[in-house]
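If you read the sequence from its start, that first residue is 1, and numbering goes on from there.
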Amino acid sequence: MGHGPRPLTELLADLGNLTVALPALAASVAYTLWREGRGRRYEVLGVVLAMAVVPALVVPLKALLDRPGPLTAATGYYPSGHAATALVAYCGAAILLTPYPRRAWAMPAALVLTLATGIGLVLRGYHWPLDVIGSWSLCTALLVISSSCTRRSSGRTATGCSGPS
C-alpha cells in the first residue's frame with residue numbers, strides 16, 4: 001500500500017508510461033521537423049535514439065542488480081523504467097522545443113512532469129526513491145551525451161560525436 005491519495009499518486013506514476021510520455025515526445029519531434037525540415041534532423045535523431053536506448057539500459061540493469069521493490073519480494077526494481085521514460089521523453093521534447101520563441105516553458109514543464117512521475121512512483125510504493133534517482137542520473141547522462149553529439153553533428157558534419165571538421 002502506498003502513501004497519499006491513490007488516484008493522484010497513480011496519475012502521477014502513470015506519467016512515466018510509454019502511452020503517455022511517448023506521444024509528448026512524438027509531438028515535439030513532429031513539430032520540430034515541420035518547423036525546421038532537415039535543419040535540426042540530427043538533434044531530432046539524437047533525442048529519438050536516446051528514447052530507444054532507454055530499455056536497452058534499464059532492462060539489463062534491472063536483471064543485473066535484482067533489487068526488490070518496496071512493497072513486494074519481487075525483484076528487478078532498480079532502476080525505474082517509468083522514471084527513465086519520463087525524463088528522456090519530456091526533457092527530450094523540451095530540448096527540441098526550447099529554441100523556439102514562446103517555448104521557454106518547455107524545460108520547466110518537462111522537469112515538473114519528470115519530478116511528478118518520480119513522486120508518484122515512490123508514493124504509490126512502486127519504487128524506492130533511489131530507484132527513481134538512479135534512473136534520472138542515468139538518463140540525464142544519456143541526454144547530455146546525445147545532445148552534445150548531435151549538436152556537434154549538426155555543426156555541418158555528419159561524422160557523429162567526433163566533433164566538427
Side-chain angles (χ1 to χ4, degrees), residues 11-65 77-122 126-127 129-165:
L11 173 72
L12 295 177
D14 285 346
L15 290 172
N17 283 342
L18 282 174
T19 56
V20 177
L22 215 47
L25 179 60
S28 72
V29 165
Y31 181 78
T32 302
L33 291 174
W34 173 72
R35 288 275 311 248
E36 300 287 331
R38 297 178 58 170
R40 293 183 59 212
R41 67 183 178 270
Y42 291 117
E43 287 178 78
V44 169
L45 181 61
V47 169
V48 169
L49 287 176
M51 188 73 241
V53 168
V54 167
L57 287 174
V58 170
V59 172
L61 282 172
K62 284 180 179 261
L64 178 68
L65 299 173
Y77 281 81
Y78 180 85
S80 167
H82 281 75
T85 298
L87 186 128
V88 173
Y90 298 133
C91 292
I95 287 168
L96 295 177
L97 294 176
T98 299
Y100 299 115
R102 298 187 309 256
R103 300 292 185 271
W105 54 265
M107 191 55 77
L111 295 173
V112 166
L113 288 169
T114 301
L115 181 62
T117 302
I119 289 170
L121 291 167
V122 171
Y126 295 145
H127 285 285
L130 187 58
D131 301 345
V132 172
I133 293 168
S135 288
W136 289 343
S137 299
L138 179 68
C139 290
T140 297
L142 176 64
L143 276 177
V144 167
I145 291 167
S146 171
S147 290
S148 68
C149 288
T150 56
R151 281 194 191 111
R152 288 182 192 154
S153 295
S154 63
R156 312 303 164 241
T157 180
T159 58
C161 198
S162 61
S165 43

Nearest 0.5 Å, please: how far is CG in L87 from OG in S80?
11.0 Å
When rounded to the nearest 0.5 angstrom, what distance separates CG in L143 from CD1 in I95?
4.5 Å
Applying side-chain contact (heavy atoms from CB on, under 4.5 Å), run through W136 and L115 and close with a yes or a no.
CA-CA 10 Å; W136 289 343; L115 181 62; 3.9 Å; yes
P55 and P60 have their tightest heavy-atom pair at O-CD, 3.6 Å
Kindly give the heavy-atom pair with the smallest separation between G46 and S146, and that separation in Å.
O-OG, 2.7 Å
Side chains of Y90 and V112: closer than 4.5 Å at any heavy-atom pair?
no
Smallest separation among heavy atoms of P129 and V122, with atom names:
CA-CG2, 3.8 Å
Does the side chain of S135 come within less than 4.5 Å of H127's, by heavy atoms?
no
Does T117 form a side-chain contact (heavy atoms from CB on, under 4.5 Å) with L12? I'd like the steps, not just the answer.
CA-CA 5 Å; T117 302; L12 295 177; over 6 Å; no
Gap between atom CD1 of I133 and atom CG of L138 - 0.5 Å precision:
13.5 Å
To the nearest 0.5 Å, atom OH of Y78 lies from atom CG of L65 at 7.0 Å
Please report the interatomic distance SG(C91) to CG(L142), rounded to the nearest 0.5 Å.
11.5 Å
Contact list for residues 19-34, test side chain to side chain donor-acceptor pair (under 3.5 Å), sequence neighbours left out
Y31-R35, Y31-R103
Closest heavy-atom pair and its distance - H82, N17:
NE2-OD1, 2.5 Å
Heavy-atom closest contact (L96 atom, P99 atom, distance):
O-CD, 3.5 Å
In terms of heavy-atom contacts, A116 and L15 come closest through CB-CD1, 4.0 Å
Gap between atom CG of L25 and atom OG1 of T85 - 0.5 Å precision
10.5 Å
side-chain contact (heavy atoms from CB on, under 4.5 Å) test vs C139 passes for just one of V144, T114, V54, namely V54
